[in-house]
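A quick write-up on the structure given underneath.
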Amino acid sequence: MRRNEDKFPDNGFEAWGGYMHAKISKLEEQFSARAGTEETLSNIFNGVSIYVNGFTVPSADELKVLMSKHGGVYHVYQRSDDYIIASNLPDTKVKNMNLAKVVKPQWIVESLAANRLLDYRDYLLYGTSRTQKQINFRKIIKENDSLANDIKFNDTKQEQDLSEIHKTINEPNTTTSDQKPSKERLDNATSLDCQEILKQNLGAVTKTAADPEFIAEFYKNSRLHHISQLGACFKQHINELRENSNFQFPAREQLKEIILASNNFKNLSQLKFEKNKIIMHIDMDCFFVSVGLRNRPDLKGKPVAVTHSKGGQGRSKRPGVDRDTEFNLYKQNKAKKLGITTGISHDEIKIENRVDDIDEEDSKYGSMSEIASCSYEARAKGLSNGMFMGSALRLCPDLQTIPYDFDGYKEVAYTLYNTIAQYSLDIEAVSCDEMYLDCTELLSDMNVNVQGFATILREEIKAKTGCPCSTGFGGNRLQARLATKKAKPDGQFFLTEDLVEDFMYDIKLRDLPGVGSQTAYKLESLGHITCGSLQTLTLASLKSHLGNKTGAQLFEQCRGRDPNPLTFHTVRKSVSAEVNYGIRFENNYQCLEFLKQLSAEVHSRMHQFKAMGKCITLKLMVRAKDAPVETAKFLGHGYCDVINKSVSLQTATNDLEVITKEVILLCKKQNIDPTEMRGIGIQVTKLDYVTSRPTVGAINKFLFNNKIPKAKIKSEIKAELVETDQRNNPTTPTKSKVSTSPKKSPIISIKSPTIRKRGRPSKSLRQPSNNLMNKFLQGQNVGRDVPYKDPMIRAVVKEEVERKVEQSQTPRGLLGLPWNKVRALLRAWLDSGETPLQCDVVMIIDYLQEMVINKNIEKLQVLMNFLRRTTRDTGSVAWLEVYNRISEEVQNAMVAVYGKKLYISN
DNA sequence: ATCCTCCCCTAC
DNA sequence: TAAGGTAGGGGAGGAT
């Protein structure tokens with residue numbers, strides 16, 4: 001029995017042990033009861049279980065009946081081995097699901113028609129057909145055509161080449177066992193393409209970054225890449241759920257009913273009203289392992305690790321490898337740094353720790369594959385995530401390894417998030433397997449106590465995903481998180497207010513979020529290991545040792561306090577891609593090609609997030625002077641110097657050519673021998689957001705070709721902001737010329753959702769408070785009788801203004817241009833006869849709304865009249881639509897600002 | 001004072 | 001063999 005349960009003896013929730021099972025079996029009982037009334041007609045679907053996702057034809061109910069009549073199983077909750085029947089899935093779902101078993105309902109229908117179970121793979125919703133592999137094979141050739149300058153394939157030629165390649169591959173004695181295939185083989189190949197294909201299919205050559213397929217291959221296998229991508233993905237998912245939700249949660253009602261219906265559960269009702277906030281932290285237990293064990297129940301209870309390595313001995317030593325020298329460099333560097341400053345890089349400590357774990361002789365040639373996740377049984381033997389397999393095997397010779405299952409992680413994470421989302425959307429996504437939930441409102445609404453809710457939720461998650469999780473509760477995010485740590489594995493813990501002080505006293509500083517090895521080391525050298533001990537330090541002292549912010553944060557944290565609220569909506573601030581593995585160039589050409597590819601990767605991500613950026617940073621890892629050329633870890637980066645160089649553009653861009661050009665320029669400036677490079681990264685910051693395709697619209701072209709002096713724009717924007725700020729601060733006298741109703745002005749910088757639902761600025765303004773704003777604006781007839789006296793609203797206003805000031809440091813779109821210039825631009829745009837682009841329209845709307853907000857009504861009238869006349873003159877329907885939309889949005893802005901539409905005279 | 005660049009640190 | 005990514009917070013120190 002875990003300690004935390006001892007602290008909370010019988011409060012009835014043990015009875016919940018079977019809650020999910022009860023719920024599921026009840027639903028399934030109903031199903032079989034109903035199904036049982038019909039006789040079984042066939043056994044076509046014997047051994048097949050389905051889960052229906054969304055609207056289908058036949059409907060879920062019909063499918064249910066069909067399954068039961070023909071020997072199959074219908075699940076109300078999705079289980080891991082279910083076929084998922086769906087006719088279409090929303091984009092977000094598609095992104096987050098393992099699509100390998102998402103099947104069209106036709107599969108069922110046609111199987112019935114054929115009176116046998118057809119191959120589901122022919123009915124995959126997003127399927128790659130079974131012949132896909134061959135198609136890909138040809139595609140490689142086509143894609144690489146540009147490289148094969150002189151040789152063009154026609155179809156027949158392709159066939160010949162392919163069969164030749166197959167022949168080559170299949171001849172046993174031609175496969176080389178060396179690191180490289182024999183030179184002659186490559187020279188005999190008919191083209192560069194064939195060489196590539198040969199290399200790939202022989203598997204004899206390991207891909208390095210010089211290979212055009214390397215980035216894709218690397219990312220496909222990189223755990224860190226997946227962790228990072230999934231995390232971002234679920235943050236976005238929550239953003240979207242919140243934007244599209246009506247904040248009704250049917251699961252709550254369901255739960256309430258079950259609670260009411262059952263005597264067993266009555267004592268779960270919340271007896272007292274919890275007046276403080278209750279934050280819940282949910283974290284899956286050793287996530288990767290748990291997901292992997294779903295298919296390997298035989299390994300449950302054993303020490304298990306997820307890794308690329310198969311667990312066998314590492315290969316024999318490669319020539320040139322000198323682990324001692326390399327590890328010593330890390331150690332020396334650490335010592336050197338410690339002598340001069342307390343700062344030590346994360347990486348070195350990480351490596352150093354690993355080195356410490358390794359018995360020199362034993363592990364000199366052990367596998368350097370990293371452990372992504374290990375089970376609690378393995379942890380008991382001293383293993384930890386990130387450890388090398390070599391040292392892990394030494395500590396735990398019977399360690400079982402299982403491979404990665406990235407699709408599985410995604411699927412489970414998706415199920416996890418959607419399960420929680422049935423109860424509340426006050427979720428802060430931390431990563432694919434971890435989140436915070438503000439359940440204050442939820443608990444009082446459902447009239448359930450904390451432990452009861454935790455039990456229900458954990459049961460439900462386990463039932464749906466097959467994976468255990470732990471949850472912690474507390475008055476703030478820090479407490480919730482520490483509670484989870486105590487609860488693990490597969491437990492729950494409520495850190496109540498009265499326990500906090502004692503609880504914090506023994507918490508290790510290293511266990512505080514934000515305190516990593518470096519900070520912990522510094523604190524340790526100050527003589528502090530635990531929170532209790534650190535509480536004796538003064539705020540000033542902490543600040544002087546760790547910096548202002550970090551010091552202040554730690555001061556609060558070691559007392560169990562955490563002023564940071566949950567953030568439900570996230571706005572991305574940078575986009576980057578980096579590869580520090582497999583970087584081995586032979587010449588400048590390969591390096592350049594790689595830079596181009598990596599730029600394309602960043603560009604495509606920017607495109608995906610609709611982001612434009614102003615600042616481009618290139619990060620290079622270069623072999624340090626004394627480091628061995630051959631790294632200890634196969635194709636690793638080894639001991640390196642790191643260089644960061646950035647360039648600030650005048651205008652935000654999402655243009656691939658611009659990015660590539662700047663990146664190459666930055667790289668060339670460093671003048672580094674490409675053969676010494678070990679890692680490359682590209683980051684884009686100072687983001688702006690667009691709604692359009694990255695197509696350069698007419699206005700963008702205009703802006704791009706007519707570079708506006710930075711200083712000028714900056715000063716104009718600053719002036720504008722000062723003005724806005726003043727108007728929005730009730731205590732500051734307003735300077736507006738057209739002040740129709742001064743008391744209403746504070747609300748105006750908040751653009752109503754209808755005004756700001758598109759366009760880049762809306763993104764930055766759409767913050768957690770937006771929901772509040774939404775409700776407020778919808779419920780209150782904005783502009784009539786402005787209730788900004790409400791302190792809550794005022795706080796929101798202030799927040800929005802501050803954010804606006806912060807976001808508007810950079811000029812964007814048309815803002816900052818004089819109105820007559822915009823008029824000229826509009827004319828040129830209309831005259832050009834080009835189809836209006838969404839991004840341009842949004843920019844115009846932004847500009848005009850800005851005029852409304854600035855009460856620049858006269859100039860606005862001129863522009864609107866001009867726009868109306870010229871639109872009429874063009875006689876274009878597309879333009880008429882554009883005009884109508886612009887007009888509508890401007891009117892909306894007027895309602896928000898003045899409380900009424902101002903009709904612009906002709 | 002405030003901003004910018006180049007780091008470092010942390011988290012998953 | 002092996003797949004050492006990525007985003008955000010923050011600090012030091014120089015430029016303005």
>> Testing A:Val571, A:Val430, A:Thr570 one by one against A:Lys235 for a side-chain contact (heavy atoms from CB on, under 4.5 Å), which residue passes?
In response: A:Thr570
> What does A:Ala232 touch in the nucleic acid at a heavy-atom separation under 4.0 angstrom: a base, only the sugar-phosphate, or nothing?
Replying inline: nothing
>> So A:Gly514, base contact, sugar-phosphate only, or nothing? Heavy-atom distance under 4.0 Å.
In response: sugar-phosphate
> Quick one: is C:dT1 close enough that its OP1 or OP2 comes under 4.0 Å of any side-chain N or O from A:Ser309?
Replying inline: no
> Roughly how many Å is it from CD1 in A:Ile282 to P in B:dC12, rounded to a whole number?
Replying inline: 15 Å
>> Does a side-chain N or O of A:Ser646 approach OP1 or OP2 of B:dC6 to a distance below 4.0 Å, or not?
In response: yes
> Quick one: A:Lys549 NZ to C:dG8 P, roughly how many Å, whole number?
Replying inline: 16 Å
>> Counting only side-chain nitrogens and oxygens, does A:Thr519 get under 4.0 Å of the OP1 or OP2 atom of B:dT10?
In response: yes
> Over how many whole Å does the gap from A:Glu601 atom CD to C:dA3 atom P extend?
Replying inline: 19 Å
> Angle class for the A:Phe218/A:Tyr581 ring planes (parallel below 30°, perpendicular above 60°, tilted otherwise)?
Replying inline: parallel
> Is the phosphate of B:dC12, meaning OP1 or OP2, less than 4.0 Å from a side-chain N or O of A:Arg481?
Replying inline: yes
>> Distance check needed: C:dA3 P versus A:Asp211 CG, whole Å only.
In response: 18 Å
> Does OP1 or OP2 of B:dC9 have a side-chain N or O of A:Thr550 closer than 4.0 Å?
Replying inline: no
> What's the CZ-P distance between A:Arg477 and B:dC12, to the nearest Å?
Replying inline: 12 Å
>> Is the ring pair A:Phe406/A:Tyr409 parallel, tilted or perpendicular, if the boundaries are 30 and 60 degrees?
In response: perpendicular
>> For a quick test of reading the model: is some side-chain N or O of A:Ser648 closer than 4.0 Å to OP1 or OP2 of B:dT5?
In response: yes
>> Once you apply a heavy-atom cut-off of 4.0 Å, does A:Tyr581 come out as touching a base, just sugar-phosphate, or nothing?
In response: base
> Taking only N and O in the side chain of A:Lys633, is any of them less than 4.0 Å away from OP1 or OP2 of C:dA3?
Replying inline: yes
> Starting at NZ of A:Lys686 and ending at C1' of B:dC4, how long is that distance when rounded to a whole Å?
Replying inline: 7 Å
> Would you say a side-chain N or O of A:Ser576 is under 4.0 Å from OP1 or OP2 of C:dA7?
Replying inline: yes
> Under 4.0 Å between a side-chain N or O of A:Ser369 and OP1 or OP2 of C:dA3?
Replying inline: yes
> Of A:Asn221 and A:Gln683, whose closest DNA chain C nucleotide lies nearer the 5' terminus?
Replying inline: A:Asn221
> Given that A:Leu546 and A:Arg605 both sit by DNA chain C, which one's nearest nucleotide is further toward the 5' end?
Replying inline: A:Arg605
> Taking side chain as C-beta onward, heavy atoms only, is A:Leu687 less than 4.5 Å from A:Phe609?
Replying inline: no
> With a 4.0 Å cut-off on heavy atoms, is A:Leu512 in touch with a base, just the backbone sugar-phosphate, or nothing at all?
Replying inline: sugar-phosphate
> Is the shortest side-chain N/O distance from A:Ser431 to OP1 or OP2 of B:dA11 below 4.0 Å?
Replying inline: no
>> Please classify the nucleic acid contact of A:Gly636 as base, sugar-phosphate, or nothing, using heavy-atom distances under 4.0 Å.
In response: base
> Hey, is the side chain of A:Tyr521 poking within less than 4.0 Å of OP1 or OP2 on B:dC9, counting only N and O atoms?
Replying inline: no
> Regarding A:Arg584 and the six-membered ring of A:Phe594, is the cationic atom NZ or CZ under 6.0 Å from the ring centre and inside 45° of its axis?
Replying inline: no
> Can the ring centres of A:Tyr414 and A:His237 be said to be less than 6.0 Å apart?
Replying inline: yes
> Taking only N and O in the side chain of A:Arg572, is any of them less than 4.0 Å away from OP1 or OP2 of C:dG8?
Replying inline: no
> Which is true for A:Tyr219 with a 4.0 Å heavy-atom rule: it touches a base, it touches only sugar-phosphate, or it touches nothing?
Replying inline: sugar-phosphate
> Can you find a side chain N or O atom of A:Arg510 that sits less than 4.0 Å from OP1 or OP2 on B:dA11?
Replying inline: yes
> Rounded to the nearest 0.5 Å, how far does OG of A:Ser517 lie from CD of A:Glu524?
Replying inline: 11.0 Å
>> Ring centres within less than 5.5 Å and planes less than 30° apart: is that true of A:His308 and C:dA3 in this structure?
In response: no
> Just how far, in rounded Å, is C1' of B:dA11 from CD of A:Gln518?
Replying inline: 14 Å
>> Taking only side-chain N and O atoms of A:Asn548, does any of them lie within less than 4.0 angstrom of OP1 or OP2 on C:dG11?
In response: no
>> What is the distance, to the nearest angstrom, from the CZ atom on A:Phe214 to the C1' atom on C:dG5?
In response: 12 Å
> What's the closest nucleotide to the A:Phe634 side chain, out of C:dA2, C:dT6, B:dC6?
Replying inline: C:dA2
